[in-house]
Trainee: 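Next up is a structure, given as structure tokens.
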There are 2 protein chains.
Amino acid sequence: MTEDKANKAPTIIDIAREAGVSKSAVSRALLGQGRISEEARSRILDVAQRLGYVKNAMAQGLVAQRTHTLGVLVRDAVRPFYGHLHAALQGRAIEGGYRVVTATGVRDFALAEERRALQTLLSLRVEGLVVCSGLLPARDIAPFVERVPTVVAGRPEPHPAINSVYCDEEDGAQQLVDHLVSLGHRRVAVLLVPEALSITQYARTAAMVSGLRERGVDTVVTELTDGPEAPVEAVPALLEDREITAIMCPQDDVMVSVLERLRRAGVRVPDDMSVTGFDGIGPLTTPLLGLTTLRQPLDEVGRRAIDLLLELREDRSMPTRHIALRGALVAGTTTPPPPPPPHPARR
Amino acid sequence: MTEDKANKAPTIIDIAREAGVSKSAVSRALLGQGRISEEARSRILDVAQRLGYVKNAMAQGLVAQRTHTLGVLVRDAVRPFYGHLHAALQGRAIEGGYRVVTATGVRDFALAEERRALQTLLSLRVEGLVVCSGLLPARDIAPFVERVPTVVAGRPEPHPAINSVYCDEEDGAQQLVDHLVSLGHRRVAVLLVPEALSITQYARTAAMVSGLRERGVDTVVTELTDGPEAPVEAVPALLEDREITAIMCPQDDVMVSVLERLRRAGVRVPDDMSVTGFDGIGPLTTPLLGLTTLRQPLDEVGRRAIDLLLELREDRSMPTRHIALRGALVAGTTTPPPPPPPHPARR
DNA sequence: TTGAAAGCGATACCAT
DNA sequence: ATGGTATCGCTTTCAA
């Protein structure tokens, strides 16, 4: 039996010794390129297989100056939004011949941890970086965009040097507004998220407000504070105002807690009150809940983000791009079905 | 201005040149260990900062033979179950001074991709491996457990050499059974998942069946086929049997589609039919739905998995451990509230 | 305190 | 076709 170096991973040198060739030969056989006799090749591959050889990505990356790896920075693995986006990115990256490593922050020390996560990815010398986090400010990303192609996915990024791919929040808000208006609502409440809490949620809720006003709808704006209870606590005041017939929420999970609060208050949805959300992703899309919402095109966001990244690798001087993708209105049961279209009288 | 090597990342040699010292000095300053004058130290750190130096994890890992990195293999980033687990793992790993890289399969080529993902992690020379996937068979994992400490998280792993941390499925099933029995159900349907489709879901549903039978409850077993429509299609047959008063589902999302189907059939829950799920994770936990389910202790699973991994690093000869953690019954509104306890008659 | 030099594991160029 | 050797960026003796 050959000498087992306990549990250390075998190197190409181990294989070379075992197969009676030089390590150059092993490298060529493993890479499948360069001149090598068929006989040696298969012997080497055999030995590698038998030894359970797994290449050392560090050594390879170091000399080859290529890692074939894309880095994804995800804010919070718990949220289905990021889960979907992550999966979409992953799928496309593989198709492009890249592997993906993901690093994420951790809830409590969010910002500091995200900076660490960014460092981790950079230190791994990823060949492209996708940032999926509404948290990390452009300031932290910008210094590295010259060094590694970077795309922000899932949120618009106004920074002139940083590319981004995201759902068109204004358009989405407008679609929801149009839906409510076509249903005849004349006085609507919007739960507005302050810009400081979330840039994207601010953008979409602000667009709801201005969209409603442009359509001449009375608009009641309730500014949300931080914390999960804020939306719930905002509901009673809205119920005081008997003219309000619809509430627009910044996100589906907020919408769900609003619906819950309405039910506790004995308010029927959609008979007494209509409610809309935003995202249309994950388990909450079940017809059991029937949320009226705007579905973000996350598969496409992920795909386009990777494509953009790969283009960027080819041509580093490409001008910055910001790609806004249209979401799709999902008309559920939290808004009433549209009234039957007027038709010519039968008699 | 100093010569800018365009967009290439600076190395310690660049820093050394700029600071007028040797690269050894830079290494010591950056590591904060070894003798070095305070004066040189701060100058070096300054230069590093100014150049935007990010260490090369490959070079460092190669020479130091340590990566301070744990690898997590996740099956499907889309499912909240994995998202939660991932987050829990991440949090604990950071506390332990490790960073985490994640690799995941991709839906369509599931198994092949998971093998690739495993190779990716191994090639990165992670110091520990957490496998969160009901898919990847032990056969694929076993060859490497000698080389790198490995824990399977989220599913029991019977393999004698592979450690695992998971929710006690039998106990969870039993808790749900007890709940139904205490509510007075005498004939109950179980949607059984075949072992070939999912080992964990088979374990829990099989335990439901045997638990019910042990308690003397009539049990109707419906074996699920593959595909998302299977649970829905199973419902009508169950409604034929007017004696059935409860349906036990293998998972919350299955439960939700069953509830939806029941509603379409005009069956009221819980008045006409009780329903239970399993998982208690993610957006579906909203009180709006009020699912009666068993909540898996995923935070603890993640924490214990990392702890076990780190213990394993210390003592590679540790005997294999299988840690089963108790879940918690969540009594929702898809089962009726328990009847008032019998009390002494008033008159 | 500081610098020179030897590797870590793999690739690629160069002779042979 | 094959093997020797320089090299990637960094840590770590070992001298000075």
Side-chain angles (χ1 to χ4, degrees), chain A residues 5 8-45 47-48 51-69 119-120 122-127 147-148, chain B residues 5 8-45 47-48 51-69 119-120 122-127 147-148:
Chain A
K5 298 212 281 181
K8 279 199 82 293
T11 71
I12 55 170
I13 298 191
D14 298 322
I15 299 178
R17 185 174 353 91
E18 195 84 356
V21 294
S22 73
K23 61 174 186 166
S24 312
V26 176
S27 177
R28 282 189 294 255
L30 259 20
L31 254 52
Q33 60 185 228
R35 308 266 146 247
I36 192 169
S37 70
E38 183 50 45
E39 193 254 332
R41 216 185 66 89
S42 73
R43 182 156 37 93
I44 291 171
L45 261 27
V47 174
L51 261 37
Y53 173 78
V54 177
K55 71 156 177 267
N56 186 321
M58 297 181 288
Q60 178 176 269
L62 197 54
V63 60
Q65 301 285 46
R66 287 215 53 184
T67 57
H68 300 281
T69 299
Q119 291 284 318
T120 293
L122 291 171
S123 75
L124 257 15
R125 295 298 187 264
V126 294
E127 294 182 31
R147 220 172 272 173
V148 43
Chain B
K5 297 213 281 182
K8 278 199 81 300
T11 72
I12 56 169
I13 298 191
D14 298 322
I15 299 178
R17 185 171 355 90
E18 195 84 355
V21 294
S22 75
K23 63 173 184 167
S24 316
V26 175
S27 177
R28 284 189 292 254
L30 258 21
L31 255 49
Q33 59 185 229
R35 306 268 145 245
I36 192 169
S37 70
E38 183 50 46
E39 194 254 331
R41 218 185 65 87
S42 73
R43 182 154 40 93
I44 291 170
L45 261 28
V47 174
L51 261 37
Y53 174 78
V54 177
K55 72 156 176 266
N56 185 322
M58 297 181 288
Q60 179 176 269
L62 198 54
V63 59
Q65 300 287 46
R66 286 215 52 185
T67 56
H68 301 280
T69 299
Q119 290 285 318
T120 293
L122 291 171
S123 76
L124 257 16
R125 296 297 188 263
V126 294
E127 294 182 28
R147 219 174 273 173
V148 42

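The chains referred to below are lettered A, B, ... by the order of the sequence lines, with proteins before strands, and numbering in each begins at 1.
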Trainee: On DNA chain D, does the nearest nucleotide to B:Arg28 precede the nearest nucleotide to B:Val54 from the 5' side, or the other way round? Give the residue.
Mentor: B:Val54

Trainee: Can you figure out which of D:dG9, D:dG3, D:dA6 approaches the side chain of A:Ala25 most closely?
Mentor: D:dG3

Trainee: Mind calculating the distance between NE2 (B:His68) and P (D:dC10) to the nearest angstrom?
Mentor: 15 Å

Trainee: Would you mind classifying the nucleic acid contact of B:Val26 as base, sugar-phosphate or nothing, using non-hydrogen atoms under 4.0 angstrom?
Mentor: nothing

Trainee: For B:Thr11 and D:dG9, is the shortest distance between a side-chain N/O and OP1 or OP2 below 4.0 Å?
Mentor: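 Answer no for this pair, as no side-chain N or O of B:Thr11 is under 4.0 Å from OP1 or OP2.
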
Trainee: Kindly say if A:Tyr53 contacts the phosphate of C:dG9, meaning a side-chain N or O under 4.0 Å from OP1 or OP2.
Mentor: no

Trainee: Examine D:dT12: is either OP1 or OP2 under 4.0 Å from a nitrogen or oxygen in the side chain of B:Gln33? Give yes or no.
Mentor: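 It does, given that an N or O in the side chain of B:Gln33 lies less than 4.0 Å from OP1 or OP2 of D:dT12.
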
Trainee: Looking at A:Arg125 and A:Thr67, would you say the former's side chain and the latter's main chain have a donor-acceptor pair under 3.5 Å?
Mentor: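 Side chain of A:Arg125 to backbone of A:Thr67, a donor-acceptor pair under 3.5 Å: no, none is there.
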
Trainee: Base, sugar-phosphate alone, or nothing: which one does A:Leu30 contact when heavy atoms must sit under 4.0 Å apart?
Mentor: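 Here A:Leu30 touches no strand at all.
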
Trainee: For A:Ile12, which contact category applies under a 4.0 Å heavy-atom criterion: base, sugar-phosphate, or nothing?
Mentor: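 The residue A:Ile12 makes base contact.
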
Trainee: Output the rounded distance in Å from CD1 (B:Ile44) to P (C:dT1).
Mentor: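 It is 13 Å, rounded to the nearest whole Å.
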
Trainee: Classify A:Ser37 by what it touches in the nucleic acid, base, sugar-phosphate, or nothing, heavy-atom distance under 4.0 Å.
Mentor: sugar-phosphate

Trainee: Whole Å only: how far is the NZ atom of B:Lys55 from the P atom of D:dC8?
Mentor: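 So the two atoms are 21 Å apart, to the nearest Å.
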
Trainee: Establish, with yes or no, whether the OP1 or OP2 oxygen of D:dT12 is under 4.0 angstrom from a side-chain nitrogen or oxygen of B:Gln65.
Mentor: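 So the side-chain polar atoms of B:Gln65 never come under 4.0 Å of the phosphate oxygens OP1 or OP2 of D:dT12.
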
Trainee: Which listed nucleotide (D:dT11, C:dT2, C:dA10) is nearest to the side chain of B:Ala40?
Mentor: C:dT2

Trainee: Taking the side chain of A:Ser24 as heavy atoms from C-beta outward, which of C:dA12, C:dT2, C:dA6 is closest to it?
Mentor: C:dA12

Trainee: Can you measure B:Lys23 atom NZ to C:dG3 atom C1' for me and round it to whole angstrom units?
Mentor: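 Atom NZ in B:Lys23 sits about 11 Å away from atom C1' in C:dG3.
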
Trainee: Tell me whether the OP1 or OP2 atom of C:dT11 has a side-chain N or O from A:Ser27 closer than 4.0 Å.
Mentor: yes

Trainee: Is the phosphate of D:dG3 approached by A:Ser22 (side-chain N or O, under 4.0 Å from OP1 or OP2)?
Mentor: yes

Trainee: Can you measure B:Met58 atom CE to C:dG7 atom P for me and round it to whole angstrom units?
Mentor: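 Result: 23 Å.
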
Trainee: Over how many whole Å does the gap from B:Leu31 atom CG to D:dT12 atom P extend?
Mentor: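 The answer, rounded to whole Å, is 6 Å.
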
Trainee: What is the separation between atom CZ on A:Arg17 and atom P on D:dG3, rounded to the nearest whole Å?
Mentor: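 Going from A:Arg17 (CZ) to D:dG3 (P), I get 15 Å.
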
